[in-house]
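In this chain, numbering begins with 1 at the start of the sequence shown. Only this structure's heavy atoms are used, side chains among them; waters, hydrogens and symmetry mates stay out. Order of appearance sets the numbers: ligands from 1, and atoms from 1 within every ligand.
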Amino acid sequence: MFQNPCFDAHEKAVHVFHEDSGLRAIISLHSTALGPAAGGCRLWPYESDAAALSDALRLSRGMSYKNAMAGLKMGGGKAVILGPLDPDKRVAAFEALGVAVDALNGSYVTAEDVGVSVQDMQIVATRTRFVSGLPPKDGIGGDPSPYTARGVRLGIEAAAEFALGRTSLEGLRVAIQGLGAVGSHLAGELFERGAKLVVADIDPEKVERVCDRFGATPAPVETVLLQDVDIVAPCALGGAITDTVADAISARIVAGGANNQIASASAGETLLKRGITYAPDYLINAGGIIMVASEYVGETDIQVVEDAIAEIRPRTLDLLSRARIQARPAGEVADRMAQEIIARAHAAKTS
Ligand code: NAI
């Protein structure tokens, strides 16, 4: 754990094992300096325990940074479940997860992420109150992915204004990798604003659906990020922008919903050297957590939530300007800003 390359002074990581349901999970709390560590629960067939731990550590640190930059009074945490779950024991597994979350006494607040649904969170909620992403009341709550997609679209607009001098997405070509909850909603957001879409997913049915609904053109999964487009939007899993991909992209902008898109610091440097604008993932995919956090703190006015999500656009423009002035990769500049916010909160808490 302490030698894991993704370890970054994490406050806590606990493993959860529930024999009856077969649940094996890791809950990682990166920081509670700003408030309860908030971040969703991911269900994924990890190839090893070590891979699951690395993902939990990396994702929870990402949540700390995301929540700090979104101005939320929330720290960063994440739960990962080592899939697959036995479908007949899914309810019992999420009940057990709820018990484990409850035992953390509110230092971690869970919600849905990849592979986990609102229904799963309803089961968790039978065992703990430290859960969000439940069915909406007065428009607040529920599946966060439409709000995530809206924020990503705002981030794409900011990047298009910054890098291409465009105030509208009309006619811009965008390649989307991954057409799950976020990618498919993003496709709708972009289509409504006149963007031309090129899309790929490992699930051909999702590709067909998005092509039918939004007049998108399918691309091979292997090369979707290398298409002749203006913008690429990684919306599948992390690590899409490897050194090789960063070298070969022909788009001017990388801006998508997936967490941890940039596989290495060198890939970020390559984008910078090649003059490709990167809108940091956690800056622009914060719409969902803004909704989740609002639900958790009992916000009742949807306009307050919408206004907070709208801030993603000016915040992205501001970050991109700072990165240009500093001549550093935008991801690195965002990380530093987030670290400063967290360090200030930590100092205030411990002084
Ligand atoms: P999802 O599981 O609904 O969608 C992921 C999609 O990617 C699936 O359709 C899957 O078939 C596809 N996929 C997987 N590997 C692929 C590949 N190599 N090439 C093309 N497609 C591939 O997950 P969701 O919720 O849409 O999340 C997507 C990303 O956005 C994740 O990285 C997640 O952490 C991030 N995110 C999601 C938020 C949310 O509100 N759901 C919030 C913030 C970030």
Side-chain angles (χ1 to χ4, degrees), residues 38-45 55-56 58-63 65-67 69-70 72 74 76-81 83-84 110-118 120-121 132-133 136 141-155 175-189 198-210 216 218-227 232-242 245 255-263 279-295 305 309 312:
C41 172
R42 174 172 295 191
L43 168 58
W44 192 254
D55 209 30
R58 189 168 44 231
L59 288 166
S60 58
R61 177 182 55 197
M63 289 309 301
Y65 292 2
K66 183 189 310 200
N67 295 344
M69 290 297 274
L72 299 172
M74 295 276 188
K78 201 86 184 181
V80 302
I81 298 177
T110 197
E112 51 274 78
D113 188 56
V114 175
V116 174
S117 66
V118 175
D120 296 324
M121 284 302 117
S132 200
D143 173 11
S145 61
Y147 301 95
T148 302
R150 189 189 306 173
V152 174
R153 187 259 300 164
L154 289 162
I176 306 179
Q177 179 198 47
L179 301 171
V182 175
S184 60
H185 284 296
L186 178 64
E189 292 267 343
V198 178
V199 298
D201 195 292
I202 49 175
D203 179 344
E205 274 177 32
K206 291 182 181 171
V207 175
E208 201 178 319
R209 215 174 307 139
V210 168
V221 163
E222 299 74 27
T223 57
V224 61
L225 297 175
L226 308 181
Q227 298 293 309
V232 293
C235 294
L237 293 184
I241 311 296
T242 58
V245 171
N259 283 315
N260 302 317
Q261 279 163 44
I262 306 291
D281 44 17
Y282 60 77
L283 196 69
I284 70 170
N285 72 13
I289 193 69
I290 291 171
M291 173 54 87
V292 163
S294 304
E295 174 191 345
V305 186
I309 294 173
I312 288 175

- Query: Looking at side-chain heavy atoms only, is the closest gap between V224 and V199 below 4.5 Å?
  - Reply: no
- Mark yes or no for whether Q177, through its side chain, and A240, through its backbone, hold a donor-acceptor pair below 3.5 Å. no
- Query: Does C235 reach the side chain of Q261, with side-chain heavy atoms less than 4.5 Å apart?
  - Reply: no
- Item | Straight-line distance of N260 CG to Y282 OH, nearest 0.5 Å | 10.0 Å
List, for ligand 1, each N/O atom that has a protein N/O partner under 3.5 Å away, with both atom names and the distance.
{"from": "ligand 1", "atom 1": "3 (O)", "to": "A181", "atom 2": "N", "distance (Å)": "2.9"}
{"from": "ligand 1", "atom 1": "9 (O)", "to": "G180", "atom 2": "N", "distance (Å)": "3.4"}
{"from": "ligand 1", "atom 1": "9 (O)", "to": "D201", "atom 2": "OD1", "distance (Å)": "3.4"}
{"from": "ligand 1", "atom 1": "9 (O)", "to": "D201", "atom 2": "OD2", "distance (Å)": "2.6"}
{"from": "ligand 1", "atom 1": "9 (O)", "to": "K206", "atom 2": "NZ", "distance (Å)": "2.8"}
{"from": "ligand 1", "atom 1": "11 (O)", "to": "D201", "atom 2": "OD1", "distance (Å)": "2.6"}
{"from": "ligand 1", "atom 1": "26 (O)", "to": "A181", "atom 2": "N", "distance (Å)": "3.1"}
{"from": "ligand 1", "atom 1": "26 (O)", "to": "V182", "atom 2": "N", "distance (Å)": "2.8"}
{"from": "ligand 1", "atom 1": "30 (O)", "to": "G257", "atom 2": "O", "distance (Å)": "3.3"}
{"from": "ligand 1", "atom 1": "32 (O)", "to": "A236", "atom 2": "O", "distance (Å)": "2.8"}
{"from": "ligand 1", "atom 1": "32 (O)", "to": "N259", "atom 2": "N", "distance (Å)": "3.3"}
{"from": "ligand 1", "atom 1": "34 (O)", "to": "R42", "atom 2": "NH2", "distance (Å)": "2.6"}
{"from": "ligand 1", "atom 1": "34 (O)", "to": "N259", "atom 2": "ND2", "distance (Å)": "2.9"}
{"from": "ligand 1", "atom 1": "40 (O)", "to": "T148", "atom 2": "OG1", "distance (Å)": "2.7"}

- Is there side-chain contact between W44 and V114, with heavy atoms separated by less than 4.5 Å? yes
- Item | Contact summary for V292 and A111, nearest pair of heavy atoms | CG1-CB, 4.0 Å
